[in-house]
Amino acid sequence: MVIIIGNQKGGAGKSTLTLLLANYLTQARQRPVTVIDMDYQQSLAQKFERAKVLENAEPYAVIALALDQFGKEKKDLKDNPEVLFLVDLPGKLDDDGLIEVFKAADLAICPFSYDEFSFESTVFFSLVLKKIKPAITIVYVPNRIKANVKYEILTDVNEQLLLLGEVTQAIPDRIDFQRANTFQTPDGVTPLLLPVFDHIYKKHIQQNYERNQEPGGPDAQQD
Ligand SMILES: Nc1ncnc2c1ncn2[C@@H]1O[C@H](COP(=O)(O)OP(=O)(O)O)[C@@H](O)[C@H]1O
Ligand SMILES: [Mg+2]
């Protein structure tokens, strides 16, 4: 199963949520995960090279891949339907390499925040994705939400996003998230993530995963 984490907006939390979701799926759900880092700065892959040295056993692989290389890896993805591939996307849309990635995606997770610029980027990302993969499910995750701020456009934004997909519970803005750069999720962060990740897992990942576990499952599956 291929899960893309994307938004055109830089700083939305794509890379952070990718690795926290990878930690969640391996630790809380014991699922096989491979992270594909397509971010131009390839920050995740670099961080994990360092983490590997520090931690004994790495619970999942992190592969850095340029957008134009994705086509070559596609067979590998198809041959391993039981693996949950998490794809951390770059914060830009002007690259034809994204077409193959969007086509291969089974689920899209889109972190965003409630400001106008983020909203425009979020909608733009969604429309491009849906144009290439009309049947895709998009799950919007409000991220870095500050408790003391009244978000004037929250209701309007949610209303618009609900036309394109679903909106999860919000993830608050906490300094602890900035320590989330190894295979370990910082303690204080876990309870903030569980409602969001449990929901995504139960509604969108579990069934797909179990279907692919059945003998002949992936072959019986229609494309
Ligand atoms: N919920 C959060 N609370 C506080 N900081 C966060 C949160 N989510 C992400 N961050 C921080 O925001 C910055 C941008 O996040 P990042 O995941 O790199 O975004 P993107 O990959 O979308 O560009 C990072 O410094 C990260 O630690
Ligand atoms: Mg990133």
Side-chain angles (χ1 to χ4, degrees), residues 3-25 33-51 60 62-67 69-70 85-95 97-98 101-102 105 107-126 128-129 138-149 151 154 157 161 165 167-200:
I3 303 168
I4 57 174
I5 296 88
N7 190 324
Q8 200 203 355
K9 181 95 164 56
K14 294 179 287 293
S15 301
T16 305
L17 287 190
T18 300
L19 87 87
L20 292 171
L21 182 59
N23 291 349
Y24 167 86
L25 291 171
V33 168
T34 294
V35 171
I36 300 182
D37 176 10
M38 305 195 92
D39 201 345
Y40 285 91
Q41 301 137 1
Q42 296 187 337
S43 51
L44 278 188
Q46 282 167 13
K47 279 175 185 169
F48 278 84
E49 279 308 312
R50 266 178 270 138
Y60 49 88
V62 182
I63 303 167
L65 198 64
L67 279 172
Q69 299 295 305
F70 189 81
F85 290 95
L86 305 189
V87 184
D88 179 24
L89 291 176
K92 59 184 253 179
L93 280 170
D94 55 346
D95 192 312
L98 280 171
V101 186
F102 284 179
L107 173 69
I109 296 175
C110 184
F112 75 101
S113 59
Y114 291 107
D115 61 75
E116 245 151 86
F117 184 62
S118 175
F119 174 63
E120 280 171 24
S121 309
T122 305
V123 171
F124 187 56
F125 168 81
S126 308
V128 172
L129 172 60
I138 307 180
V139 179
Y140 298 99
V141 180
N143 186 30
R144 308 203 64 166
I145 304 305
K146 297 187 174 75
N148 52 350
V149 172
Y151 294 96
L154 186 144
V157 166
L161 294 183
V167 182
T168 68
Q169 223 174 287
I171 298 178
D173 187 272
R174 293 281 167 78
I175 195 82
D176 291 354
F177 277 82
Q178 300 182 13
R179 289 193 290 115
N181 59 9
T182 72
F183 297 113
Q184 291 297 321
T185 297
D187 280 345
V189 163
T190 303
L192 307 174
L193 294 170
L194 273 183
V196 176
F197 286 171
D198 278 344
H199 168 82
I200 293 175

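Indexing begins at 1, ligand by ligand and atom by atom, following the structure's order. We number each residue from 1, following the sequence as shown.
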Start with the C-alpha distance between Phe112 and Phe125, add both sets of side-chain angles, then the distance that settles ring-ring contact (aromatic ring centres under 6.0 Å, His included), and finish with yes or no. CA-CA 11 Å; Phe112 75 101; Phe125 168 81; over 10 Å; no

Please indicate whether any nitrogen or oxygen in [X] is less than 3.5 Å from any nitrogen or oxygen in ligand 1.
X: Ile175; answer: no
X: Leu17; answer: no
X: Pro172; answer: yes
X: Asp39; answer: no
X: Asn143; answer: yes
X: Gly10; answer: no

Using the test side chain to side chain contact (heavy atoms under 4.5 Å, CB included), find all partners of Thr16 that sit at least two apart in sequence or belong to another chain.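 Leu20, Phe177.
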
For [atom], closest protein heavy-atom neighbour:
atom: atom 3 (N) of ligand 1; answer: Arg174 N, 3.0 Å
atom: atom 16 (P) of ligand 1; answer: Thr16 OG1, 3.6 Å
atom: atom 19 (O) of ligand 1; answer: Gly13 N, 3.1 Å
atom: atom 23 (O) of ligand 1; answer: Gly11 N, 2.7 Å

Contact partition for Pro111 relative to ligand 1, non-hydrogen atoms under 4.0 Å: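 No part of Pro111 is near ligand 1 at this cut-off.
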
When you compare the side chain of [Y] with that of [X], does any pair of heavy atoms fall below 4.5 Å?
X: Ser113; Y: Asn143; result: no
X: Asp88; Y: Ile36; result: no
X: Thr34; Y: Leu86; result: no

Give a yes or no on whether Asp39 keeps an N, O or S atom under 2.8 Å from the Mg ion (ligand 2).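 So Asp39 counts as coordinating the Mg ion (ligand 2), yes.
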
Report yes or no: does Thr16 have an N/O/S atom closer than 2.8 Å to the Mg ion (ligand 2)?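 Coordinating: no.
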
Closest to atom 13 (C) of ligand 1 by heavy-atom distance, out of Arg144, Lys146, Lys14, Gln178, is Arg144

Looking only at the side chains, is there a donor atom on one of Tyr140 and Ser126 sitting less than 3.5 Å from an acceptor on the other? yes

Are the side chain of Asp173 and the backbone of Lys146 linked by a donor-acceptor contact shorter than 3.5 Å? no

Is a side-chain N or O of Lys14 found less than 3.5 angstrom from the main chain of Lys9, in a donor-acceptor match?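 Side chain of Lys14 to backbone of Lys9, a donor-acceptor pair under 3.5 Å: yes, one is there.
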
Suppose I only count heavy atoms of Phe177 and a 4.0 Å limit; which atoms of ligand 1 are within that range?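 Those qualifying, in numeric order: 1 (N), 2 (C), 3 (N), 4 (C), 5 (N), 6 (C), 7 (C), 27 (O).
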
So which pairs with a foot in residues 182-191 pass side-chain hydrogen bond (donor to acceptor under 3.5 Å, both in side chains), sequence neighbours left out?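 Qualifying pairs, neighbours excluded: Asn23-Thr185, Glu55-Thr182.
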
Looking only at heavy atoms, what is the nearest atom pair of Phe124 and Gln8, with distance?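 Looking at all heavy atoms of both residues, the closest pair is CD2-OE1, 3.4 Å.
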
Answer yes or no for Gly91: is there a heavy-atom contact with ligand 1 below 4.0 Å?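 Outside the 4.0 Å threshold, so no.
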
